[in-house]
Amino acid sequence: MGDRLTRDFYRQDVLRVAPGLLGQYLVRVWPDGRQGRYVITETEAYRGEEDRACHACRGKTRRTEVMYGDGGKLYMYFIYGMYWMMNVVAAQEGVPQAVLIRGLREAGGPGKLTRLLEVDRAFYGEDLVTSDRIWVEESVHPPEFTTGPRIGIQYAGQPWIDMPWRFLMR
DNA sequence: AACACGATTTCG
DNA sequence: GAAATCGTGTTT
């Protein structure tokens with residue numbers, strides 16, 4: 001069992017937090033006491049209002065406000081009429097950045113892993129530093145990883161389409 | 001109040 | 001390649 005990641009980890013720039021989450025253990029505890037531990041294998045960084053692919057590019061709304069808060073909370077949003085996406089807020093208060101969790105060793109795809117974990121709107125704003133039902137624990141050593149352009153953000157235009165802000169564990 | 005669209009997945 | 005399906009932001 002590793003130590004839970006601290007507030008200071010999440011308060012770093014998203015370009016450090018996104019790759020930094022690779023290889024770490026995402027822990028989920030259900031109401032009945034059952035516990036699951038999953039290795040995070042793929043993430044993507046969304047970086048502030050200037051990033052046209054980031055939901056914060058349209059400013060603060062009820063949906064995006066948690067991204068403007070302190071790092072370490074969950075930003076959940078619903079898309080395509082059927083999927084909840086799970087994001088980890090990075091950086092400090094006032095800096096809207098988030099990491100989309102795209103894959104776990106046990107489940108590839110952001111829409112599939114939230115179904116596996118059974119997390120939805122009820123986890124909007126959940127604090128990974130203090131929650132008793134979901135958090136992240138540190139693995140022994142950081143894994144090697146590769147990078148690439150983010151998925152499904154063609155509408156964002158250049159240079160955002162080509163930013164290598166997708167991180168995959170080898 | 002109505003409308004357009006999306007950080008996806010699955011099936012043909 | 002297209003459908004499924006609805007919350008959110010924008011427009012009326």
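Lettering of chains follows the sequences in order, A, B, ..., and the numbering in each one begins at 1.
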Next on the checklist: side-chain contact (heavy atoms from CB on, under 4.5 Å), that's the test. Do A/M169 and A/V39 meet it? Break it down for me.
Outcome noted: CA-CA 10 Å; A/M169 217 172 115; A/V39 177; 4.2 Å; yes
Next on the checklist: Can you pull out the residues from residues 158-170 of chain A that lie within a 4.0 Å heavy-atom distance of DNA chain B?
Outcome noted: none
Item to check | Under 3.5 Å donor-acceptor, A/R7 side chain and A/G71 backbone | outcome: yes
Item to check | Qualifying residues under ring-ring contact (aromatic ring centres under 6.0 Å, His included), relative to A/W84, sequence neighbours excluded | outcome: A/F78
Checklist entry - Counting only non-hydrogen atoms, which of residues 80-111 of chain A are less than 4.0 Å from DNA chain C? => result A/Y80, A/G81, A/M82
For residues 52-63 of chain A, run the donor-acceptor check on the side chains, cut-off 3.5 Å, and write out each pair with its distance to 0.1 Å, sequence neighbours left out.
unit_1, atom_1, unit_2, atom_2, d
A/H55, ND1, A/Y75, OH, 2.7
A/T61, OG1, A/R63, N, 3.3
A/T61, OG1, A/T64, N, 3.2
A/T61, OG1, A/T64, OG1, 3.3

Item to check | Any residue meeting ring-ring contact (aromatic ring centres under 6.0 Å, His included) with A/Y124, in chain and number order, not counting sequence neighbours | outcome: none
Checklist outcome for this item: So the side chain to side chain donor-acceptor pair (under 3.5 Å) pairs with at least one residue in residues 106-123 of chain A (sequence neighbours excluded) are A/W30-A/E118
Checklist entry - For DNA chain B, what residues of residues 13-22 of chain A have any heavy atom nearer than 4.0 Å? => result none
Checklist outcome for this item: So, with a heavy-atom separation below 4.0 Å from DNA chain C, the residues of residues 42-76 of chain A are A/R58, A/T61, A/R63
Next on the checklist: For the CZ atom on A/F9, are there more than 12 heavy atoms of other groups (residues, nucleotides or ligands in this structure) within a distance under 6.0 Å?
Outcome noted: yes
Check residues 145-152 of chain A and write down every donor-acceptor pair under 3.5 Å in which the side-chain atom is one partner and the other belongs to a residue at least two apart or another chain.
unit_1, atom_1, unit_2, atom_2, d
A/R150, NH1, A/A45, O, 3.0
A/R150, NH1, A/D51, OD2, 2.7
A/R150, NH2, A/D51, OD1, 3.2
A/R150, NH2, A/W160, O, 3.3

Checklist entry - CE of A/M85 to CD1 of A/I101: how many Å apart, nearest 0.5 Å? => result 11.5 Å
Item to check | Dot-bracket encoding per residue of DNA chain B, Watson-Crick/G-U cut-off under 3.5 Å, | denoting interstrand | outcome: ||||||.||||.
Checklist entry - For A/Q92, what residues pass the side-chain contact (heavy atoms from CB on, under 4.5 Å) criterion, not counting sequence neighbours? => result A/R11
Item to check | Boundaries of the chain A footprint along DNA chain B (any atom under 4.0 Å from a heavy atom) | outcome: B/dG6 to B/dT10
